[in-house]
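Residue numbers start from 1 in every chain, and the chains themselves are labelled A, B, ... in the order their sequence lines are given, proteins ahead of strands. Computed from a predicted model, the values in this text were never measured in an experiment.
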Amino acid sequence: MYKGVYCALCKCMGREYGILSRMTLNYDFAFLAMLGLAVKETCAGFERQRCLFNPLKKCLCCKGGEAFSFSAAASMVMLYYKLKDNVADQTFLKSIPARLALPYAAHMRKKARKRYEALDEVMEEYIKAQGRVEAENTQSVDAAAVPTARMLSKVCAMLSADEREKRILSRLGYCLGRWIYLIDAADDMKKDLASGNYNVFLRRSGITEENEISGAKEYAEQVLERTEVEAAATFDLLEEKRFGPILENIFYEGLPMVARRVFHPVEKNPSRKGRRRQAKQEKSGLKKTEVSGE
Amino acid sequence: MTDPYKVLGVSPNASDEEVKTAYRELAKKYHPDRYGNNPLSDLAQEKMQEINAAYDQIMKLRRGGASGSSGGSSYGGSSYGGSSQFRDIRNMINANRIEDADQLLDGVPSANRDAEWYFLKGSVLYKRGWLEEAYTHFATANRMDPNNAEYRAALNQLQWQRNAGGYRANPYGNRGGAPAQTGCSACDMCSGLICADCCCECMGGDLISCC
């Protein structure tokens with residue numbers, strides 16, 4: 001079922017933003033679409049359709065809907081700001097791919113903004129707030145996570161028109177955004193220590209040596225656990241109309257599982273390639289539970 | 001009126017025991033212990049009332065109209081009360097007037113900041129989503145007044161509620177310690193395969209033909 005949602009989002013992006021946009025598809029936005037569908041009164045259902053990237057096989061695909069347009073727009077707007085951020089942050093040589101893609105993304109963002117102006121405003125605000133937090137060099141885990149948390153809180157609240165649901169989705173988005181920001185920070189501790197980039201967990205504990213990281217990791221793990229508890233409790237208040245088991249699985253098992261992979265990586269393949277593959281798996285851990293929860 | 005069986009998620013043919021189990025599960029899920037200071041606690045309370053009413057109704061129907069009240073109806077909402085030097089602030093927090101409450105709390109001179117102050121400040125932070133600072137404040141309140149049940153409940157809510165018997169125990173057992181598994185479990189292998197299958201399909205191939 002999850003694949004069906006993923007499939008439909010891909011098609012929607014192709015239809016509304018051109019074939020290139022389909023390459024930028026990821027599971028986060030499929031999740032957003034799914035959450036949106038879960039609170040919709042009606043669902044168009046699933047049907048078998050052919051896929052452009054795998055034309056020999058017909059796959060189950062969720063029939064179109066507003067939730068997909070919304071997710072597609074969100075991913076385009078996000079892409080634009082991400083590229084812009086890359087261009088500003090990286091050295092000229094490294095930023096060449098981003099520079100090349102930027103005009104395309106800018107065009108897509110314009111298109112998306114026409115339909116969902118509020119989305120663009122939320123993203124813009126988020127980028128600004130994020131910059132401020134980093135410039136302040138804050139030690140507070142809560143404060144550092146606020147921009148991402150607020151952004152997702154607002155985006156999730158847009159999924160519903162019902163006041164009761166809006167309240168729940170807003171808190172749910174907050175917890176999710178907070179979790180995403182903090183898991184990334186926890187995962188990047190080593191990298192940020194080497195590069196000197198801002199990382200709230202490093203900043204909080206004043207770590208300068210790599211062997212001190214384990215203490216900060218322990219703390220980060222607890223912080224994330226507490227965020228997971230809150231997200232799950234919030235999710236339980238939502239009266240989802242479909243996809244209940246999959247979504248529940250994401251909140252109760254998916255998030256803790258990804259966290260476990262970040263904090264207790266399985267050291268099995270010490271080769272460089274193996275490590276890289278493992279890191280990739282860690283990031284995709286979320287989608288694995290979703291798939292197995294079908 | 002909504003179907004009470006639907007509310008509890010059981011079929012009308014379910015045995016009394018099954019109805020009771022379903023009721024208990026849901027009551028645990030929406031228990032005030034989980035939503036004490038939550039800005040959405042009113043929604044949890046609504047849910048609780050719905051479940052209680054559904055259970056009562058089913059039991060009444062099954063006992064041929066005898067007015068037997070369920071033992072579970074005692075689950076109610078939490079209420080702040082008692083004598084308190086911060087009664088106004090408590091009322092504001094209950095009404096989700098967080099900014100006002102916070103302003104008043106910040107105005108309290110540090111000499112007067114007792115355990116209750118830390119608890120209330122923690123509640124404000126928690127409602128705002130500042131979970132870590134809320135946690136620190138609740139912990140301070142507990143340290144200053146270790147016998148207060150309200151403060152302890154607030155602290156427990158932010159933990160995994162291992163001791164409090166929380167809803168839906170973690171399927172992986174003890175999370176606190178080192179991970180029990182260091183190798184690759186059957187579950188890992190399956191999910192890995194499914195993941196690989198997805199990757200293959202992206203590229204046009206297929207690893208597991210059935211999905």
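With a 4.5 Å cut-off on non-hydrogen atoms, A145(A) does not touch chain B at all. When heavy atoms are compared at a cutoff of 4.5 Å, S153(A) does not approach chain B at all. Looking at E218(A), neither its backbone nor its side chain comes within 4.5 Å of chain B, counting heavy atoms on both sides. Using a 4.5 Å cut-off between heavy atoms, Y126(B) touches chain A through backbone and side chain atoms alike. Of the two parts of R171(A), only the side chain, counted from C-beta on, holds a non-hydrogen atom closer than 4.5 Å to a non-hydrogen atom of chain B.
Under the 4.0 Å criterion applied to side-chain N and carboxylate O atoms, R178(A) and E230(A) are not assigned as salt-bridge partners. In summary, R164(A) and D42(B) do not engage in a salt bridge, as defined by a charged side-chain N under 4.0 Å from a carboxylate O. Between E99(B) and R128(B), at least one side-chain nitrogen of the basic residue sits less than 4.0 Å from a carboxylate oxygen of the acidic one, meeting the salt-bridge criterion.
Between C156(A) atom SG and Y174(A) atom OH the span is 13.5 Å, to the nearest 0.5 Å.
Put simply, of V223(A), V141(A), T227(A), the one with the most heavy-atom pairs under 4.5 Å next to chain B is V223(A).
For an aromatic pair to be called close, the ring centres must be under 6.0 Å apart, and F138(B) with F119(B) satisfies this.
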